[in-house]
Amino acid sequence: CIQNCDLQHPEASCPKTHSEDCLFLNVYTPTTTTSNNKDKDDDKLAVLLFIHGGNYIVGAGGVDLYDGSRFASHHNIIVVTINYRLGIFGGLTTSSKIAVGNYNLQDQRAAMKWVKENIDFFGGDANRITIMGQSAGAFSVSSHLASPKSWPYFDSAIVESMPYALPTENQNNTKTAELIGDEVLIQLNCSSIECLQNTSPEEILNVQQNGKLNKIFPIKDYLYKPMPWTPIVSNEKDAELPYTPLEAAMNGKFKKCPIILGTVANESVQFVWGVQPKPMPKIEFDLFVETLFGLKFGEEVLKLYGPPPANETKDTRYFLSILGTDYIFKCPNRYAAKGYSQKVDTYMYRFAHLLSYNTFLQNASVPECDDYVCHGTDLPILFNTEYLTPGKDVPQPTSEEHVLSMQMQTAFSNFAKSGNPNLPITLPTQSGKNTLTWDNYDFNQDNVFKFDTPSSNENNLRKKFCDYFDTIGYYRTG
């Protein structure tokens, strides 16, 4: 769909063409069916429907990074990847109701409905459809969990690196999305839907990229900046999205189905660099925290985390990324899992492996991530694709990383087949390691499956920080 894609390794992660005529999907079926992987009681195959990430502004389902052919063939499932409208085209919301947002969500639901109605022709089981998404795709999956309109079209959900603390419109009557949308209308000199439809995609994309739209709202709404085109909550009758994903998780207003959710170890590093490209001295760090959390909570957060290491006082961005990973990703995922697990089988994970080819993966465009397990670095392991990037001198994964890839794929395909990541196929392990079991989530134990080389189980990671954030909540307006 229309975008200006600037992801690392665009030859593998960006679409080669852009068009408004973009609502297509890709279906990957197994090339062969082995007796080891074949479901014993059912010839129809479980389905993984993947919703790509990219901040709701870039990405596509049909890129090489998300090639599902090996995933489908190795695990005897069907993998579907989809497109949806991005940026202004998918998320524009205005106070005049010229545009009401959630076009991205509607596109995804249309794809889900098509899969539900047609996957049988590809040998798929329409009653075993798992929706799976990463980053903005995870925001989408958790939104579908909270949207009754989507419930008929899936049977389980996998939420990868969901930034639950990034705000969307909710019952607090915030108007940030409308502020942005109204500014779009001003810059395009439009006051009707017909005007928007007659404006070229290039003009709209130019406003999205160069219109400085995130400058129009106050710093207390700073967390809106990284992802301004999210789905929009409304309390109107028959709303597309009646609750934010986190509200739905905690009040039980979500689809009752098995759920996997998890994060990677250093989620926030590149986001901190994205909004703070210059070094941040400690005095700016303190001011930022107190502005974001408000004076009272800000002082408590500063006390909780303590001072940054002595060698980081002139540039606290890595230290800030620890706070960001806790507050935006790790802790609200734990909080959501607490809500989900009271109603349905829930499984939590953390991806903690630093890739042997990580410097290549970051492609010199995100050097701050060279030594960190950054947002999205689990994707080439999950799809087992990054080493197939076109070009010379592409590094190959280690044998342990190939096992890790098979481990993730087995867990997720098991989950699609049975609602349990442990069944029907035993999780592969690194040589000489004991059998692994991924246990159902128990908030009191905070038990998490750690994907690594080797993988293991862990408990109560970042407990004191998450316990504190649970008490002050994950919706920040200063």
Check your understanding: Side chains of Q276 and E284: does their closest heavy-atom pair fall under 4.5 Å?
Key -> yes
**Study point:** Side chain to side chain, V301 and L323, heavy atoms closer than 4.5 Å
**Key:** yes
Point to revise | Spacing of OH belonging to Y66 relative to OG1 belonging to T385, to within rounding of 0.5 Å | key: 9.0 Å
Practice item. Measure from NZ or CZ of K256 to the centre of the six-membered ring of F254 and say whether it is under 6.0 Å with the direction within 45° of the ring axis. Key: yes
Compile the donor-acceptor pairs under 3.5 Å between side chains in residues 132-140 and protein atoms, sequence neighbours left out, one pair per line.
unit_1: S135; atom_1: OG; unit_2: H375; atom_2: NE2; d: 2.7
unit_1: S140; atom_1: OG; unit_2: Y56; atom_2: OH; d: 2.8
unit_1: S140; atom_1: OG; unit_2: Q108; atom_2: OE1; d: 3.4
unit_1: S140; atom_1: OG; unit_2: Q108; atom_2: NE2; d: 3.0
unit_1: S140; atom_1: OG; unit_2: A136; atom_2: O; d: 2.9

Review point. Should K296 and E300 count as an ion pair when the cut-off is N to O under 4.0 Å?
Key: yes
Exercise for review: Mind checking side-chain contact (heavy atoms from CB on, under 4.5 Å) for P309 and listing every partner two or more places apart, or none if nothing turns up?
Suggested key: N311, E312, F319
Exercise for review: Could you please spell out the steps behind the ring-ring contact (aromatic ring centres under 6.0 Å, His included) verdict for F360 and H9?
Suggested key: CA-CA 9 Å; F360 166 81; H9 289 290; 4.3 Å; yes
Point to revise | Heavy-atom closest contact (G252 atom, K343 atom, distance) | key: CA-CE, 4.5 Å
Check your understanding: Counting distance only, does the side-chain N/O of E267 pair as donor-acceptor with the main-chain N or O of V264 below 3.5 Å?
Key -> yes
Point to revise | Candidate pair Y349 and F351, rule ring-ring contact (aromatic ring centres under 6.0 Å, His included), full reasoning | key: CA-CA 7 Å; Y349 73 87; F351 184 90; 8.0 Å; no
Check your understanding: With distance as the sole test, does N83 use its side chain to make a donor-acceptor pair with the main-chain N or O of A60 at under 3.5 Å?
Key -> no
Review point. Do S192 side-chain atoms and C195 backbone N/O form a donor-acceptor pair below 3.5 Å?
Key: yes
Exercise for review: Output all residues satisfying side chain to side chain donor-acceptor pair (under 3.5 Å) with S456, sequence neighbours left out; order by chain, then residue number.
Suggested key: none
Review point. Does any non-hydrogen side-chain atom of N440 lie less than 4.5 Å from one of Y347?
Key: yes
Check your understanding: Should the pair K278-D315 be classified as a salt bridge under the 4.0 Å nitrogen-to-oxygen rule?
Key -> no
Check your understanding: Does any non-hydrogen side-chain atom of I204 lie less than 4.5 Å from one of L188?
Key -> yes
Check your understanding: Under the ring-ring contact (aromatic ring centres under 6.0 Å, His included) test, which residues partner Y305, sequence neighbours left out?
Key -> F465
Exercise for review: Output yes when a side-chain donor or acceptor of W151 lies under 3.5 Å from a complementary backbone atom of S147, and no otherwise.
Suggested key: yes
**Study point:** L261 and M162: CA distance, side-chain angles, deciding distance, side-chain contact (heavy atoms from CB on, under 4.5 Å) verdict
**Key:** CA-CA 8 Å; L261 68 164; M162 162 58 173; over 6 Å; no
Point to revise | Qualifying disulfide (SG to SG under 2.5 Å) pairs, either residue in residues 243-355, two or more places apart | key: C331-C466
**Study point:** Shortest non-hydrogen contact from S405 toward N384
**Key:** OG-CB, 3.2 Å
**Study point:** From CA spacing to verdict: side-chain contact (heavy atoms from CB on, under 4.5 Å), Q430, Q407
**Key:** CA-CA 9 Å; Q430 278 77 23; Q407 196 176 79; 4.1 Å; yes
Point to revise | Euclidean distance, I82 CD1 relative to L23 CG, rounded to 0.5 Å | key: 9.5 Å
Review point. Which residue pairs pass the salt bridge (charged side-chain N to carboxylate O under 4.0 Å, His left out) test when at least one of the two sits in residues 89-110, sequence neighbours left out?
Key: R85-D107, K97-E178, R109-E240
Practice item. Using the six-membered ring of F154, assess whether NZ or CZ of K255 lies under 6.0 Å from its centre and within 45 degrees of the ring axis. Key: yes
Check your understanding: Could you walk me through whether L355 and E401 pass the side-chain contact (heavy atoms from CB on, under 4.5 Å) check?
Key -> CA-CA 8 Å; L355 300 174; E401 286 169 336; 4.1 Å; yes
Exercise for review: Carefully, step by step, assess D238 and K149 under the rule salt bridge (Lys or Arg N to Asp or Glu O under 4.0 Å).
Suggested key: CA-CA 8 Å; D238 199 35; K149 288 186 174 183; 3.6 Å; yes
Review point. Can you check whether Y474 reaches Y335 side chain to side chain, under 4.5 Å on heavy atoms?
Key: yes
Point to revise | Closest heavy-atom pair and its distance - V58, N4 | key: CG1-O, 3.6 Å
**Study point:** Pair T130, S156: side-chain N/O donor-acceptor within cut-off below 3.5 Å
**Key:** yes
Review point. For the side chain of T93 and the backbone of G181, is there at least one donor-acceptor N/O pair under 3.5 Å apart?
Key: no
Check your understanding: Any idea which heavy atoms bring Y103 and A99 closest together, and the distance?
Key -> OH-CA, 3.3 Å
Check your understanding: Counting heavy atoms not belonging to I283, are there more than 12 under 6.0 Å from its CD1?
Key -> no
Review point. Centres of the Y318 and W273 rings: under 6.0 Å?
Key: yes
Check your understanding: Looking at S143 and L241, what are the two nearest heavy atoms and their distance?
Key -> O-CD1, 3.4 Å
Review point. Do V289 and L302 come close enough that some side-chain heavy atom pair is under 4.5 Å?
Key: yes
Practice item. Answer with yes or no whether the side chains of D439 and N447 bring together a donor and an acceptor at under 3.5 Å. Key: no
Study note, to complete from the structure: So CG of L48 and OG1 of T81: to nearest 0.5 Å the spacing works out to 11.5 Å
Point to revise | Main-chain N/O of A12 paired to D64 side chain as donor or acceptor, under 3.5 Å | key: no
Exercise for review: Look only at the side chain of Q3 and the backbone of C1, and say whether a donor-acceptor pair between them is shorter than 3.5 Å.
Suggested key: yes
Review point. Can we say R334 and D467 salt-bridge, meaning some charged N sits less than 4.0 Å from an Asp/Glu carboxylate O?
Key: yes
Check your understanding: Rounded to the nearest 0.5 Å, how far apart are CG of L185 and OG1 of T94?
Key -> 5.5 Å
Review point. Centroid-to-centroid, F89 to W229, below 6.0 Å?
Key: no
Check your understanding: What closest approach, in Å, do L105 and P231 show between heavy atoms, and which atom pair accounts for it?
Key -> CD1-CG, 4.0 Å
Practice item. Output yes when a side-chain donor or acceptor of D370 lies under 3.5 Å from a complementary backbone atom of N358, and no otherwise. Key: no
Review point. Sub-3.5 Å donor-acceptor pair from the side chain of S13 to the main-chain atoms of Q8, do we have one?
Key: yes
Point to revise | Close aromatic pair by centroid cut-off 6.0 Å: Y84 and H52 | key: yes
Check your understanding: Per the ring pair (Phe, Tyr, Trp, His ring centres under 6.0 Å) rule, which among Y468, F293, Y164, F297 passes with Y327?
Key -> F293
Review point. Is the backbone of N444 close enough, under 3.5 Å, to the side chain of D442 for a donor and an acceptor to pair up by distance?
Key: yes
**Study point:** Note, L166 side chain near T230 side chain (heavy atom, < 4.5 Å)
**Key:** no
Review point. Is it true that K253 and E247 have a side-chain N and a carboxylate O under 4.0 angstrom from each other?
Key: no
Practice item. Given side-chain contact (heavy atoms from CB on, under 4.5 Å), test C374 with Q270 step by step and report yes or no. Key: CA-CA 7 Å; C374 282; Q270 70 261 53; 3.4 Å; yes
Check your understanding: If we only count heavy atoms from C-beta on, is the P10 to C5 side-chain gap below 4.5 Å?
Key -> no
